[in-house]
**Q** 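Got a structure here, written out as structure tokens. Questions coming.
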Amino acid sequence: MAGDSVDSYPAVEDHGLIGDLQTAALISTDGTVDWFCAPRFDSPSVFGALLDRRNGGHFQLSPDGVDYTSKQLYLPGTPILITRFHSADGVGELLDFMPVTGAEATDRHRLIRLVRMVRGSMQFRFHCHPRFNYGRDPYELEVHPEGDVFRSPTMSLTLAAFKNSLREFDARDIKRDTDGVSASFTLHAGDIGGVVLETACPHEPRALSTDEACDLLAETRDYWRRWVGGSRYKGRWREVVERSAMTLKLMTYAPAGALVAAPTAGLPEQIGGQRNWDYRYTWIRDASFSVHALLRLGFTDEAQKYLLWLDARIREARDGNLPLQIMYRIDGSPDLPEEVLGHLEGYRGSAPVRIGNGAAGQLQLDIYGEALVSLELADRNGLIAPYEGWRKTAGLMDWLCEHWDQPEDGIWETRSGRQDFTYGRVLSWVALDRAIRIARRRGRPGDIARWSAERDAIYQQVMTRGFNQERRAFVQHYGSDILDASLLAMPGLNFISPTDPMWESTLRAMDTGLVSDSLVYRYDPKASPDGLAGTEGTFNMCTFWYVQALALAGRIDDARLTFEKMLTYSNPLGLFSEEIAPTGEQIGNFPQAFSHLSLISTAAHLDDLLDQQG
């Protein structure tokens, strides 16, 4: 791997995502797999060069001994990643993909790297250097006739070349040492070569034939094209919406139906800063928003699978007389102890690197609103909760009636102490309001009189205490004058009319206080200390929410221009991270579910309004 300084790290956006619906990998434009966890999204990394170029582990496959440029694209209608290498001697293509594993949890996963020479000839080199358990576990290398096995105390990784590639190797050129396995091979126009990586392979390494590799490629291609072909979105931004849908699908753990917030950990919100979190878990908030996006696109099965996962979490909470946790592991387990990996330097020196997430124990009242929005929307679409599921949900609303009026940690997971966050109160109102709607629509049992009284009390409190008369705006928490972009959701949730003077003045305040050339900050950390040093970039989800708020306020032209500007910040593959730095580069964990969920919802909403204009 070229270089080992912090300057050698590729940009966050210089990556493509592939996956098999149980785990995923990030591959940079120079053909390096520098993030891959197995056997699940939230498992320890096997390749973690994204967080430490020298000690994290990587698998690079790229031209050798020649100057080249590279570009990436996806095979249309799929998440099969194509990295094209251009040199004076020829053009080669690297196709990276993972055959879909299915809905049964397995430790066995395959990553196939297929190289084909388009024209001319080129020498390639691969270097496979795994570093198991975030680089903490040693391994032994076993050499077999058709490949090698890296074996650590906890897992194994098999490496085998395609059969027709073996004749290209001179055994003397294959190097096996403490840095892994490396080799060079030459391809000419029309040649196909490559390697396959496999975790927990039950047999000795077996080299694939080119035909077998191409068959797996075709099967993977056909699976994804069939799936995305089920989308009913036919609007103005079809390509970016479908890419976002595939990205969300890649980030969903098929055995449980749970969506991870991002497949990465530790990517910073500020280069060199401390805001580096592990997002490989399922947030109630993020996954609940996915129901809206999935149902809007017609992906009912995926929405229903998540609703079953949510139903299980609600039942567990009520059986233990506990509130919902804000996040869980993808299998629903609640333990996410936070740990610092002090031996890793962090992306471009951004330490500390954290795994696990201590925010799991926070009280965030807004998650009840987001959960009930998804349940009510599902109910309207015919996905009706079973009796026991509704009974536990009703019990959760009774709990909320008793606990909504207290300080909490808020949507942004600040670590500076609890406050009476306005957004948390608004979403508590939403939770009770949507529960009442379901109960009345379906004739379901529930203490509707109590829910209604508490809902109305929340509304009155927000309108009197959440609005700062001097700022002429709804503010982050009671008694403050701090703006917060989460409140952009208020009119879309039907808490307030988009033409209410109180909301119009709030939107004007955000225009000048949080918006920078169409991009939106969550809040100002200097004005509202959040317990962490440093700053952050603009938040992609908030920018998409701003577009919807503009549209609802009748500023359709402003909304469309802001949306189109936002699309220019994606990488060439259509992927978004969590935030945009002042320099315009993507920062934070990548890709980010929130960004893609809000993109889908915003595109669909804008389409509706533009269609109404004629």
**Q** Can you name the nearest heavy-atom pair linking D409 to Q364, along with the distance?
**A** CB-CG, 4.4 Å

**Q** Could you check whether any side-chain heavy atom of V373 comes within less than 4.5 Å of a side-chain heavy atom of S288, counting everything from C-beta outward?
**A** no

**Q** Nearest 0.5 Å please: distance from the OG atom of S45 over to the CZ atom of F132.
**A** 10.5 Å

**Q** Does R354 reach the main-chain N or O of N276 with its side chain, forming a donor-acceptor pair under 3.5 Å?
**A** yes

**Q** Of the non-hydrogen atoms in E578 and G588, which two are nearest, and what is the gap between them?
**A** OE1-CA, 4.1 Å

**Q** Taking the side chain as every heavy atom from C-beta outward, state whether R391 and R318 have any atom pair closer than 4.5 Å.
**A** no

**Q** As an exercise, state the distance from OG of S43 to CG of N133, rounded to the nearest 0.5 Å.
**A** 10.0 Å

**Q** Charged N to carboxylate O below 4.0 Å: is that the case for K249 and E302?
**A** yes

**Q** Evaluate the criterion side chain to side chain contact (heavy atoms under 4.5 Å, CB included) for residue pair L552 and H605; output intermediate values, then yes/no.
**A** CA-CA 9 Å; L552 286 170; H605 187 68; 3.6 Å; yes

**Q** Rounded to the nearest 0.5 Å, how far does CG of L310 lie from OG of S290?
**A** 9.5 Å

**Q** Holding to salt bridge (Lys or Arg N to Asp or Glu O under 4.0 Å), I want the full list of residues that pass it with R440, two or more places apart in sequence or in another chain.
**A** none

**Q** Flag the pair R53 and D34 as a salt bridge only when some basic side-chain nitrogen lies within less than 4.0 angstrom of an acidic carboxylate oxygen.
**A** yes

**Q** Only counting residues at least two apart or in another chain, list the ones meeting ring pair (Phe, Tyr, Trp, His ring centres under 6.0 Å) with H596.
**A** F576

**Q** Heavy atoms, side chains only, cut-off 4.5 Å: are L248 and I600 in contact?
**A** yes

**Q** Check whether any side-chain N or O of N468 sits under 3.5 Å from a backbone N or O of S480 as a donor-acceptor pair, and report yes or no.
**A** yes

**Q** Regarding R434 and E370, does a basic nitrogen lie under 4.0 Å from an acidic carboxylate oxygen?
**A** no

**Q** Salt bridge check, D42 against R40: does any charged N sit closer than 4.0 Å to a carboxylate O?
**A** yes

**Q** Using 0.5 Å steps for rounding, measure from the CZ atom of R285 to the CD1 atom of I326.
**A** 6.5 Å

**Q** Write down the atom of P591, the atom of L26, and the distance for their closest heavy-atom approach.
**A** CD-CD2, 4.3 Å

**Q** Check whether any side-chain N or O of R348 sits under 3.5 Å from a backbone N or O of Y9 as a donor-acceptor pair, and report yes or no.
**A** yes

**Q** Can you name the nearest heavy-atom pair linking F474 to V462, along with the distance?
**A** CE2-O, 3.9 Å

**Q** Hey, can you pull the donor-acceptor pairs under 3.5 Å for the side chains in residues 482-496, sequence neighbours left out?
**A**
unit_1: D484; atom_1: OD1; unit_2: W412; atom_2: NE1; d: 3.0
unit_1: D484; atom_1: OD1; unit_2: S486; atom_2: N; d: 2.9
unit_1: D484; atom_1: OD1; unit_2: S486; atom_2: OG; d: 2.8
unit_1: D484; atom_1: OD2; unit_2: W412; atom_2: NE1; d: 3.3
unit_1: D484; atom_1: OD2; unit_2: Q476; atom_2: NE2; d: 3.0

**Q** Who passes ring pair (Phe, Tyr, Trp, His ring centres under 6.0 Å) against F594, sequence neighbours left out?
**A** F289

**Q** Could you tell me whether the side chain of S595 and the main chain of N540 form a donor-acceptor pair under 3.5 Å?
**A** no

**Q** State, with a plain yes or no, whether a side-chain heavy atom of L375 is found less than 4.5 Å away from one of I314.
**A** yes

**Q** Might you point out which heavy atoms bring A604 and R296 nearest each other, and give the distance in Å?
**A** O-NH2, 3.4 Å

**Q** What's the shortest heavy-atom distance between E454 and L432, and which atoms?
**A** CB-CD1, 3.9 Å

**Q** Under a 3.5 Å distance rule, please check whether T23 uses its side chain to pair with a backbone N or O of P39 as donor and acceptor.
**A** no

**Q** Is the backbone of L365 close enough, under 3.5 Å, to the side chain of E408 for a donor and an acceptor to pair up by distance?
**A** yes

**Q** Does the Lys NZ or Arg CZ of R313 fall within the cation-pi geometry relative to W309 - under 6.0 Å from the ring centre and within 45° of the axis?
**A** yes

**Q** May I ask you to decide if A359's main-chain N or O and E413's side chain share a donor-acceptor pair within less than 3.5 Å?
**A** no

**Q** In plain terms, say whether E269 and R522 are close enough for a salt bridge, that is, a side-chain N and a carboxylate O under 4.0 Å apart.
**A** yes

**Q** If only atom types and distance count, is the side chain of N589 paired as donor or acceptor with the main-chain N or O of W277 below 3.5 Å?
**A** yes

**Q** Calculate, to the nearest 0.5 Å, the distance between atoms CE and OG belonging to M397 and S428 respectively.
**A** 8.5 Å

**Q** Find out whether F41 and Y281 are in side-chain contact, i.e. whether some heavy atom of one side chain is under 4.5 Å from a heavy atom of the other.
**A** no

**Q** Can you tell me if T252 uses its side chain to pair, donor with acceptor, with the backbone of A254 under 3.5 Å?
**A** no

**Q** Are side-chain heavy atoms of I411 and F421 found at a separation under 4.5 Å?
**A** no

**Q** Let's go through K392 and D311 carefully: what are the C-alpha distance in whole Å and the side-chain angles of both, what is the deciding distance for salt bridge (charged side-chain N to carboxylate O under 4.0 Å, His left out) to 0.1 Å, and is it a yes or a no?
**A** CA-CA 8 Å; K392 298 295 186 182; D311 179 72; over 6 Å; no

**Q** Which residues satisfy the ring pair (Phe, Tyr, Trp, His ring centres under 6.0 Å) test with Y569, sequence neighbours excluded?
**A** none

**Q** Tell me whether T568 contacts the main-chain N or O of K565 through its side chain, where contact means a donor paired with an acceptor under 3.5 Å.
**A** yes

**Q** Would L363 and Q406 count as a side chain to side chain contact (heavy atoms under 4.5 Å, CB included) if you check the C-alpha gap in whole Å, the side-chain angles of each, and the deciding distance to 0.1 Å?
**A** CA-CA 10 Å; L363 175 66; Q406 63 176 306; 3.7 Å; yes

**Q** Run the side chain to side chain donor-acceptor pair (under 3.5 Å) test against Y328 and tell me which residues pass, sequence neighbours left out.
**A** none

**Q** Do T414 and Y523 have side chains that get closer than 4.5 Å, going by heavy atoms?
**A** yes

**Q** Tell me every residue that passes ring pair (Phe, Tyr, Trp, His ring centres under 6.0 Å) with H403, counting only those two or more places apart in sequence or in another chain.
**A** W399

**Q** We want to know whether S333 and D335 form a side-chain donor-acceptor pair, criterion being a heavy-atom distance below 3.5 angstrom.
**A** no

**Q** Look at the rings of Y459 and W429 and say which category their plane angle falls in: under 30° parallel, 30 to 60° tilted, over 60° perpendicular.
**A** tilted

**Q** Hey, are the side chains of M327 and D286 touching, using non-hydrogen atoms and a 4.5 Å cut-off?
**A** no

**Q** R425: which residues meet the side chain to side chain donor-acceptor pair (under 3.5 Å) condition with it, sequence neighbours left out?
**A** D405, D420, Q461

**Q** Evaluate the side chain to side chain contact (heavy atoms under 4.5 Å, CB included) criterion for residues F539 and S598: first the C-alpha distance (whole Å), next the side-chain angles of each, then the deciding distance (0.1 Å), finally the verdict.
**A** CA-CA 11 Å; F539 206 77; S598 51; over 6 Å; no

**Q** Salt bridge (Lys or Arg N to Asp or Glu O under 4.0 Å) with D511: which residues, sequence neighbours excluded?
**A** R555

**Q** I'd like to check the side chain to side chain donor-acceptor pair (under 3.5 Å) partners of D398; sequence neighbours left out, ordered by chain and number.
**A** W451

**Q** Could you give the distance from CD (Q548) to OG1 (T562), rounded to the nearest 0.5 Å?
**A** 12.5 Å

**Q** Checking W35 now: which residues fulfil side chain to side chain donor-acceptor pair (under 3.5 Å) with it, not counting sequence neighbours?
**A** none

**Q** What residues form a salt bridge (Lys or Arg N to Asp or Glu O under 4.0 Å) with D278, not counting sequence neighbours?
**A** R280

